[in-house]
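Not measured: the values here are computed from a predicted model. This chain uses plain numbering: 1 for the first residue, then up along the sequence.
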Amino acid sequence: MIFRRKPKPPLRHAEELVREAVAIVYESWRDKDYRPSPADLRTFRELEEMLFRSYATMRRITIRMERRFYGEAEVNERKWLR
């Protein structure tokens, strides 16, 4: 039985989603009459943390993709051997 790989969504789609999320938050900041509720403040903090963690994940993936592009090992095995 042969399994076909599913096509990957274009990376541009991820970029658009990030821009859209930041634009939504930015609109709240630009509205001088908007007063966030305590729940809104919690959501802002959660989004901040989520984006920070996503940055760390993206950084790790980017480094590994660069290594893969150049034909290098994605993980330096010697670093973990003693």
Side-chain angles (χ1 to χ4, degrees):
M1 183 177 231
I2 298 174
F3 293 99
R4 295 184 184 174
R5 289 186 178 194
K6 293 181 183 178
K8 293 173 193 58
L11 292 175
R12 291 280 174 222
H13 183 65
E15 182 181 349
E16 291 168 10
L17 291 172
V18 171
R19 287 179 193 265
E20 184 178 342
V22 171
I24 291 169
V25 173
Y26 191 77
E27 284 180 33
S28 298
W29 177 61
R30 298 292 295 165
D31 182 0
K32 300 293 183 188
D33 296 326
Y34 173 67
R35 289 279 192 205
S37 68
D40 291 337
L41 288 177
R42 275 192 305 278
T43 302
F44 277 112
R45 294 240 182 240
E46 289 169 2
L47 285 169
E48 177 190 17
E49 189 172 321
M50 194 180 305
L51 285 171
F52 178 76
R53 287 181 179 163
S54 297
Y55 167 78
T57 301
M58 280 304 307
R59 182 67 187 136
R60 184 170 48 240
I61 290 171
T62 300
I63 290 169
R64 289 184 177 194
M65 290 295 104
E66 287 173 347
R67 289 176 180 166
R68 187 181 291 180
F69 176 81
Y70 290 111
E72 301 170 2
E74 290 181 29
V75 178
N76 184 355
E77 297 292 336
R78 286 180 280 151
K79 179 178 178 180
W80 305 106
L81 299 175
R82 290 193 176 211

### Query
If you look only at pairs with a residue in residues 36-48, which of them pass as a side chain to side chain donor-acceptor pair (under 3.5 Å), with sequence neighbours excluded?
Y34-D40, S37-D40

### Query
Can you list every salt bridge (charged side-chain N to carboxylate O under 4.0 Å, His left out) pair that touches residues 57-74, not counting sequence neighbours?
R68-E74

### Query
If we only count heavy atoms from C-beta on, is the E16 to E20 side-chain gap below 4.5 Å?
no

### Message
According to ring pair (Phe, Tyr, Trp, His ring centres under 6.0 Å), does anything in residues 37-63 pair up with another residue at least two apart or in another chain? List the pairs.
### Response
none

### Query
Any salt bridge between R12 and E15, counting N to O under 4.0 Å?
yes

### Message
With a 6.0 Å cut-off (strictly less than), is the heavy-atom count around CG of L11, excluding the residue itself, greater than 12?
### Response
no

